[in-house]
Protein chains: 2
Amino acid sequence: MNASTSSQILTAPALYEQVAERLRARIFAHELPPGGWIDEQALTQEYGISRTPLREALKVLAAEGLVVLKPRRGCYVTLLSEKDIDEVFPVMAVLEGKVAEEAARRITSAEFSRLAAIHEDLEQQAAANNADRFFEANQRFHKALQEIAGNSYLAHLIDDARKVIKLTRRDSLRLDGRLIQSLTEHREILEALQLKDPALAGQRMHDHLLSGRAALARLAVSP
Amino acid sequence: MNASTSSQILTAPALYEQVAERLRARIFAHELPPGGWIDEQALTQEYGISRTPLREALKVLAAEGLVVLKPRRGCYVTLLSEKDIDEVFPVMAVLEGKVAEEAARRITSAEFSRLAAIHEDLEQQAAANNADRFFEANQRFHKALQEIAGNSYLAHLIDDARKVIKLTRRDSLRLDGRLIQSLTEHREILEALQLKDPALAGQRMHDHLLSGRAALARLAVSP
DNA sequence: ATTCATAATTATGGATGCAGTATCATGCAA
DNA sequence: TTGCATGATACTGCATCCATAATTATGAAT
């Protein structure tokens with residue numbers, strides 16, 4: 001499965017991978033707007049490459065759900081409907097819940113200290129009301145938890161789901177009061193981890209994600 | 001997201017999709033053995049196509065986890081380790097559990113009748129000790145439940161996970177007594193669905209999947 | 001003026017060609 | 001005989017080219 005991790009990569013990533021990465025960034029930045037058509041020719045000129053690696057990159061992005069390939073009609077940036085979001089979030093909640101559950105089972109005191117340190121950072125960013133840095137620390141927190149859970153397949157699914165969610169520019173953390181609420185929830189999750197209570201940790205993480213979805217719903221559709 | 005479903009497909013699938021489908025079949029049949037190298041040139045000759053659509057198909061399969069692309073070294077059929085299987089099954093259990101839970105919430109009496117009919121088929125195949133047809137009916141059962149749950153994203157993840165699991169040729173249903181046990185578990189799931197008890201249905205489906213993993217573990221590594 | 005048919009243009013999908021690198025074999029030296 | 005170096009072979013990755021289908025533009029007829 002993860003044969004790519006077993007053979008350490010010293011070689012430069014293939015061109016189509018680099019292109020895929022750059023396209024992801026542009027999609028998340030909404031520089032390529034959701035629903036928008038992707039002009040292959042323009043991109044090949046811009047990047048100074050041929051269409052072959054670009055098309056391969058688009059296949060990869062399509063598999064990730066970031067773009068949609070319409071046969072004979074081109075490639076379009078995925079446009080998420082409200083229904084789509086309502087489908088992805090519950091799944092995300094279940095997956096993240098599983099991560100927290102498993103992490104609670106396996107967490108060592110050293111790992112807990114590391115998590116607590118990240119949480120400290122969260123507290124500070126929240127105090128400073130810095131949504132960007134809070135978001136970044138939040139990512140680190142969830143990433144660390146994934147490592148502790150030790151299930152790379154599960155982590156991979158979550159990463160993909162998170163990519164899809166990132167297609168919507170809306171950011172619930174910018175909602176007034178959401179930072180504090182998110183922080184409180186994190187604190188409770190951390191507590192469950194300290195208690196090494198898998199069921200509780202899983203439940204709280206699950207609810208935390210759904211709480212994020214609810215916050216998102218409270219935002220206007222386009223900022 | 002599912003813009004492909006909104007525009008009904010009257011057009012023939014692209015060549016790379018057809019190729020991907022044929023390759024999947026050959027991988028599942030272990031005609032292309034796990035760990036084995038995929039000879040692009042041989043396949044292009046065999047299929048009478050060029051390398052372009054073939055390579056695009058391989059990108060898709062790589063995203064599904066069926067093959068691994070090693071830069072400058074070619075493409076290899078994914079070789080699952082026991083650890084990989086232990087990672088995928090718990091995730092599968094959680095996802096299928098979520099499906100059952102959601103289905104229990106939404107199921108109508110008509111839908112229940114349809115499920116019950118499929119279950120009847122399962123009973124008969126089990127009585128006839130026909131593992132192949134049991135397997136097929138089993139697929140229909142889970143597919144039907146996915147439709148009732150009504151979360152296409154969730155369904156998609158499960159489909160992908162199932163593909164990965166199919167990489168191992170081992171089939172727990174062939175294990176002596178597993179057919180009966182699986183049937184019993186299905187019966188209990190059905191009961192929970194009739195009771196419209198989401199938590200119970202989810203729990204039982206979850207355990208059902210883990211039970212399948214345990215059965216698999218009891219099999220010899222390679223038949 | 002509007003609508004439909006037809007032609008021109010453009011973009012997608014697939015085939016082919018070529019450069020660079022990894023693998024394998026052969027040979028030389030220790 | 002074993003280890004390493006060097007050259008030959010072959011395959012991957014990217015670029016270019018071509019055919020076909022879709023879209024748009026143009027013009028005619030109602």
- Task: Using a strict 4.0 Å threshold on nitrogen-to-oxygen distance, state whether A/Glu82 and A/Arg213 make a salt bridge.
- Result: yes
- Message: Between B/Arg22 and B/Glu31, does any NZ, NE, NH1 or NH2 come within less than 4.0 Å of an OD or OE carboxylate oxygen?
- Response: no
- Within the side chain of A/Gln125, is there an N or O that forms a donor-acceptor pair under 3.5 Å with the backbone of A/Arg133? no
- Task: Round to the nearest Å and state the distance from A/Asp39 atom CG to C/dA11 atom C1'.
- Result: 9 Å
- Item | Rounded interatomic separation in angstrom, taking CD from B/Gln45 and P from D/dC11 | 10 Å
- Message: If I take atom CD1 in residue B/Ile49 and atom C1' in nucleotide C/dT16, what distance separates them, rounded to the nearest angstrom?
- Response: 14 Å
- Heavy-atom check, side chain of B/Leu61 versus side chain of B/Ile27, under 4.5 Å: yes
- Measuring from B/Leu54:CG to B/Tyr16:OH, what's the distance to the nearest 0.5 Å? 13.5 Å
- Query: Could you give the CD1-to-P distance, from B/Ile38 to D/dC11, as a whole number of Å?
  - Reply: 15 Å
- Task: May I ask you to evaluate whether B/Trp37 reaches the phosphate of D/dA10, defined as a side-chain N or O under 4.0 Å from OP1 or OP2?
- Result: no
- With sequence neighbours excluded, residues passing ring-ring contact (aromatic ring centres under 6.0 Å, His included) with B/Phe141: B/His186
- Message: Can you list, in residue-number order, the parts of residues 51-59 of chain B that come under 4.0 Å of DNA chain C, counting heavy atoms only?
- Response: B/Arg51, B/Thr52, B/Pro53
- Can you tell me the distance, in whole Å, between the NZ atom of A/Lys70 and the P atom of C/dA11? 17 Å
- Message: Looking at A/Ile118, is its backbone amide N or carbonyl O close enough to the side chain of A/Asp121 to form a donor-acceptor pair, meaning the two atoms are under 3.5 Å apart?
- Response: no
- Would you please name every residue forming a side chain to side chain donor-acceptor pair (under 3.5 Å) with B/Arg55, sequence neighbours left out? A/Glu56
Measure all distances between protein nitrogen or oxygen atoms and nitrogen or oxygen atoms of nucleotides 23-25 of chain D, and list the pairs falling under 3.5 Å.
from   : atom 1 : to      : atom 2 : distance (Å)
D/dT23 : OP1    : A/Arg73 : NE     : 2.9
D/dT23 : OP1    : A/Arg73 : NH2    : 3.1

- Item | Pairwise 5' ranking along DNA chain D for A/Ser50 and B/Cys75, keeping only the more 5' one | B/Cys75
- Contact list for residues 143-155 of chain B, test salt bridge (charged side-chain N to carboxylate O under 4.0 Å, His left out), sequence neighbours left out: B/Arg114-B/Glu147, B/Lys143-B/Asp159
- Message: Between the side chains of A/Glu17 and B/Lys59, is the shortest nitrogen-to-carboxylate-oxygen separation below 4.0 Å, so that they form an ion pair?
- Response: no
- Mind calculating the distance between CD (A/Glu40) and P (C/dG13) to the nearest angstrom? 7 Å
- Calculate the interatomic distance between A/Leu69 atom CG and C/dG13 atom P; express it in whole Å. 7 Å
Atom pairs, N/O to N/O, protein against nucleotides 6-8 of chain C, distance under 3.5 Å?
none

- Query: Are the side chains of A/Leu145 and A/Leu193 in touch, meaning some heavy atoms are under 4.5 Å apart?
  - Reply: yes
- Task: Using whole Å, report how far OH of B/Tyr47 lies from C1' of C/dG14.
- Result: 17 Å
